[in-house]
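Chain naming here is simple, since letters A, B, ... match the order of the sequence lines and numbering starts at 1 in each. Here the structure is a predicted model, which is why all the values come from computation and not from measurement.
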Amino acid sequence: MTNIATLVFLWDNILKLKENIMKERSFTIATFNANGIRARLHIILPWLDDYNVDCLCIQETKVQDKDFPVEVFEERGLNVVFRGQKSYNGVAVITPHPVETVFFGFPDNDRNREEEARQICVQIADLTIVNSYVPQGRSIDNPAFQRKLQWFSRILNLLDEKFGPSSPLIWCGDMNVAPEPIDVYAPELKENHVCFHRSVREAFKKILKWGMSDCFRLIHPGEPEQYSFFDYRIPRAVERKLGWRIDHILATAPVASNIKDSFIDLEPRKKNKPSDHTFVVAHFQL
DNA sequence: ATGGTAGTAAAACTA
């Protein structure tokens with residue numbers, strides 16, 4: 001009888017454990033192109049206080065590692081993973097959770113500083129998050145544009161070989177591509193633009209086809225004039241709706257199927273100085 | 001005909 005009682009007790013505990021594991025957990029992620037993180041702390045810090053995201057992915061921190069403002073995040077109980085270069089590029093992941101750095105740039109690369117300052121892969125609980133600052137490409141006849149196209153094929157190889165479409169994976173950041181005509185103003189004039197040329201759109205869509213969903217579009221299908229970037233050289237670009245949706249949060253099915261909300265927050269632009277990008281947010285119940 | 005500005009960091013480069 002004691003054996004049966006023990007069995008019942010154990011079974012009961014297994015059920016409770018399973019219940020705990022299966023319990024929905026909220027996860028909110030955001031991406032932000034800072035264009036200089038030190039110049040945007042007045043935007044980023046209050047925004048973090050307001051939203052309490054589980055993970056903020058930043059691109060274009062434009063700061064060397066020795067000058068990165070680690071303390072302002074750590075004194076708020078946030079963990080930071082970052083890598084940068086002097087004046088250009090630079091990525092960071094900010095999270096209240098324990099975080100493990102998987103790699104910078106691409107795994108097994110030949111220590112390319114620029115690539116490391118453009119991509120971070122981290123693990124937060126069971127989630128793998130890749131934060132990318134995809135090269136802009138300069139012009140379609142520039143070698144930099146070929147490197148941009150290669151970035152997408154290398155990402156696809158990486159996701160396929162290391163993870164697979166059924167593993168919980170988020171790829172987010174400044175992708176420098178407007179996937180569809182509704183994702184940019186005057187698309188008919190942008191066919192030769194490095195962020196709208198058919199070759200980049202196709203390279204990007206190949207990754208969607210492989211098994212990732214554009215989280216913003218899951219919540220706002222077909223909604224026009226939803227932009228994440230406004231060129232600060234164009235006067236009153238926000239009010240005139242002269243923007244691009246080039247910052248994305250993509251997720252594999254196990255994550256994307258649990259999406260609850262997604263939006264582009266452009267409010268912080270109005271505080272003091274403009275920032276060239278906005279916060280793109282996605283919320284899941286995993 | 002191809003601008004406009006912001007950031008970094010010290011003159012020009014990238015976006």
Per the side-chain hydrogen bond (donor to acceptor under 3.5 Å, both in side chains) rule, what does the pair list look like for residues 91-101 of chain A, sequence neighbours excluded?
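Counting only pairs at least two positions apart or across chains, the side-chain hydrogen bond (donor to acceptor under 3.5 Å, both in side chains) contacts touching residues 91-101 of chain A are A/Asp54-A/His97.
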Pairs where residues 117-134 of chain A contributes a residue and the test salt bridge (charged side-chain N to carboxylate O under 4.0 Å, His left out) is met, not counting sequence neighbours:
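Checked against salt bridge (charged side-chain N to carboxylate O under 4.0 Å, His left out) - neighbours excluded - the pairs reaching residues 117-134 of chain A are A/Arg25-A/Asp126, A/Glu114-A/Arg118.
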Per the salt bridge (charged side-chain N to carboxylate O under 4.0 Å, His left out) rule, what does the pair list look like for residues 140-159 of chain A, sequence neighbours excluded?
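The answer is A/Glu115-A/Arg154.
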Would you kindly give the [atom1]-to-[atom2] distance between [X] and [N], to the nearest whole Å?
X       : N     : atom1 : atom2 : answer
A/His42 : B/dG7 : NE2   : C1'   : 12 Å
A/Ile37 : B/dA9 : CD1   : P     : 13 Å
A/Lys66 : B/dT8 : NZ    : P     : 14 Å
A/Arg40 : B/dA6 : CZ    : P     : 9 Å

Any A/Arg38 side-chain nitrogen or oxygen under 4.0 Å from OP1 or OP2 of B/dA9:
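True: A/Arg38 side-chain N/O within range (under 4.0 Å) of B/dA9 OP1/OP2.
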Rounded distance [0.5 Å steps], CD1 in A/Ile155 versus CD1 in A/Ile207:
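So the CD1 of A/Ile155 and the CD1 of A/Ile207 are separated by 6.5 Å.
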Given a cutoff of under 4.5 Å between side-chain heavy atoms of I, L, V, M, F, W and Y, with clusters grown through shared members, what are the other residues clustered with A/Leu242?
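Besides A/Leu242, the hydrophobic cluster comprises A/Val184, A/Tyr185, A/Phe196, A/Tyr227, A/Phe229, A/Phe230, A/Ile234, A/Val238, A/Trp244, A/Ile246, A/Leu266, listed by chain and residue number.
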Letter by letter from the 5' end, nucleotides 10-15 of chain B scores (B base, S sugar-phosphate only, - none; protein heavy atoms under 4.0 Å) S--BSB
For [N] versus [M], give the span between their [atom1] atoms, rounded off to a whole number of Å.
N     : M      : atom1 : answer
B/dT2 : B/dA15 : C1'   : 15 Å
B/dA9 : B/dT14 : C1'   : 14 Å
B/dA1 : B/dA11 : C1'   : 27 Å

For A/Gln285, enumerate each residue passing the side-chain contact (heavy atoms from CB on, under 4.5 Å) test, keeping only those at least two apart in sequence or located in another chain.
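Partners of A/Gln285 under the side-chain contact (heavy atoms from CB on, under 4.5 Å) test: A/Glu24, A/Ser26, A/Lys260, A/His283.
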Of all residues at least two apart in sequence or in a different chain, which pass the side-chain contact (heavy atoms from CB on, under 4.5 Å) check with A/Arg236?
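side-chain contact (heavy atoms from CB on, under 4.5 Å) list for A/Arg236, sorted by chain: A/Glu239, A/Arg240.
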Which atoms of nucleotides 1-3 of chain B (N or O only) lie under 3.5 Å from a protein N or O atom, and what are those distances?
none

If you look only at distance, which donor and acceptor atoms sit under 3.5 Å apart when one is on a side chain in residues 157-170 of chain A and the other is two or more places apart or in another chain?
residue	atom	partner	partner atom	Å
A/Asp160	OD1	A/Trp210	NE1	2.9
A/Ser167	OG	A/Phe163	O	3.4
A/Ser167	OG	A/Gly164	O	3.0

Taking for each residue the nucleotide of DNA chain B bearing the nearest heavy atom, is the 5' side occupied by A/Gln85 or by A/Pro235?
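Of the two residues, A/Pro235 wins.
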So, A/Arg40 side chain and A/Ala34 main chain: donor-acceptor pair closer than 3.5 Å or not?
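Yes, A/Arg40 side chain to A/Ala34 backbone: donor-acceptor pair under 3.5 Å.
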